[in-house]
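Since the structure is predicted, the reported quantities are computational estimates derived from the model, not experimental observations. Whatever order the structure lists them in is the order used to number ligands and atoms, beginning at 1. Count residues from 1 along the sequence.
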Amino acid sequence: MTPSILGTASKMSLGTDVLSRIGHTPLLRLRAIERSVPHVTLLAKAEWFNPGGSVKDRAAWSIVRAAERSGQLTREQILLDATSGNTGIAYAMIGAAKGYRVTLCVPSNVSQSTLHTLRAYGAELVLTNPLEGSDGAIVEARRIAGASPGRYYYADQYGNAANWRAHYETTGVEIWEQTQGQVSHLVAGMGTSGTLMGTGRRLKAYNPSMHVVALEPDSPLNGLEGLKHMASSIVPGIYDPAFPDQHLEIATDEAYQAARRLAREEGLLVGPSSGAALAGALQVARAIEQGTIVMIFPDGGQKYLHETFWTSDE
Ligand code: PMP
């Protein structure tokens, strides 16, 4: 072998691709908080370890790959979707890494840090009425897609089966393996419901007696970014309300308090929807005699540091 060929071969095997780091997140044991519910094991799927910082990297990556495979997304097209933040960050990261233009419809009241992140990745933003929340963004994305047929690939995360399938193929499998099949309860909040539907379906395929708990905010106006109050929202096409074994409503204050506990007692800086997952899991824990509860913690706390609840002592 000549030195130049050797050089080429070894160069090709160096380094990794940011998108290959999506998934395979850690499962963290909440040992301090478990002391208040010693009859259960509390495990958190730490989704902020994904390269875009949230669980939505999995769904966005699955949606893009499925659209590439089916030929729906071509090089000339612009990837378009509505998002309340994290899916947008995931699309923007993936679009940058793969060379796609990305246009996102985003309610204008999402945090400044999210807006800055989206712009830093080079995404084009269409800001929508904050009073209409994520539904306003959905209506605008549908309008843009309908007005210029062929110009956009409208990814429609709320109705796209590749969203929940991402979790069926990855999150559910990882949780089963990481718990060596001991998981008895899954607790997850719902935005599109992709995480809950896909992870829950896979875990029930492994063990039909798996108990799947779906969380929602307790009111339309709430501080639980990323979660949807289904009764007052456009219901996602991928959501089957009959699938979860149990539905729980979480109050914003309860979720904030749980996020504070996670920061102070476990050293985990997570977002409000992770707080909601812990609050829901503690309700489940108090009602059972034993179990291994896995919660999905969708993102980290960095994006929410401007909020005042971190230092409130209620
Ligand atoms: N938490 C946060 C912070 C989110 O951004 C999202 C996604 N909207 C969710 C939870 C819910 O995830 P899913 O869309 O898979 O239901």
Report summary line: Heavy-atom closest pair (N160 atom, A155 atom, distance to 0.1 Å) is ND2-O, 3.0 Å
Query raised in the report: In terms of side-chain geometry, is the basic nitrogen of D135 or K228 positioned less than 4.0 Å from the acidic oxygen of its partner?
Result: yes
Report task. Check each atom of ligand 1 against the heavy atoms of Y304 and keep those under 4.0 Å away; list them by number with element. Result -> 3 (C)
Report task. Using a strict 4.0 Å threshold on nitrogen-to-oxygen distance, state whether E266 and R31 make a salt bridge. Result -> no
Query raised in the report: Do any heavy atoms of L196 fall under 4.0 Å from ligand 1?
Result: no
Report summary line: Within 4.0 Å of some non-hydrogen atom of S193, the atoms of ligand 1 are 13 (P), 14 (O), 16 (O)
**Report entry** Atoms in ligand 1 flagged as close to N86, the criterion being non-hydrogen separation under 4.0 Å
**Finding:** 2 (C), 3 (C), 4 (C), 5 (O)
Requested in this report: Please identify which atoms of ligand 1 are closer than 4.0 Å to at least one heavy atom of D299.
Outcome: 3 (C)
Query raised in the report: Taking only heavy atoms of T192, which atoms of ligand 1 are found under 4.0 Å from at least one of them?
Result: 13 (P), 14 (O), 15 (O), 16 (O)
Query raised in the report: Got a salt bridge between R143 and E140, using NZ or NE/NH1/NH2 to carboxylate O under 4.0 Å?
Result: yes
Query raised in the report: Backbone or side chain, does any N or O of K56 fall under 3.5 Å from an N or O of ligand 1?
Result: yes
**Report entry** L227 neighbourhood, listing ligand 1 atoms whose heavy-atom distance to it stays under 4.0 Å
**Finding:** 10 (C)
Query raised in the report: Any idea which atoms of ligand 1 are less than 4.0 Å away from a heavy-atom of E225?
Result: 2 (C), 3 (C)
Query raised in the report: Does K98 come within less than 4.0 Å of E68, counting only side-chain N to carboxylate O?
Result: yes
Query raised in the report: Going by the atom numbers of ligand 1, which of them fall below 4.0 Å from some non-hydrogen atom of P298?
Result: 1 (N), 2 (C), 10 (C)
Query raised in the report: Under 3.5 Å, is there a donor-acceptor pair linking the side chains of E254 and Q283?
Result: yes
Query raised in the report: Is the number of heavy atoms from other residues, nucleotides or ligands within 6.0 Å of NE2 (H247) greater than 12?
Result: yes
Report task. Output yes when the distance from some N or O of ligand 1 to some N or O of G191 is under 3.5 Å, and no in every other case. Result -> yes
**Report entry** Heavy-atom nearest neighbour in the protein, as seen from atom 8 (N) of ligand 1, with distance rounded to 0.1 Å
**Finding:** G226 O, 3.1 Å
Query raised in the report: Within the structure, does S273 bring an N/O atom to less than 3.5 angstrom of an N/O atom in ligand 1?
Result: yes
**Report entry** Heavy-atom nearest neighbour in the protein, as seen from atom 12 (O) of ligand 1, with distance rounded to 0.1 Å
**Finding:** T195 OG1, 3.6 Å
Query raised in the report: Are R261 and E265 within salt-bridge range, i.e. N to O under 4.0 Å?
Result: yes
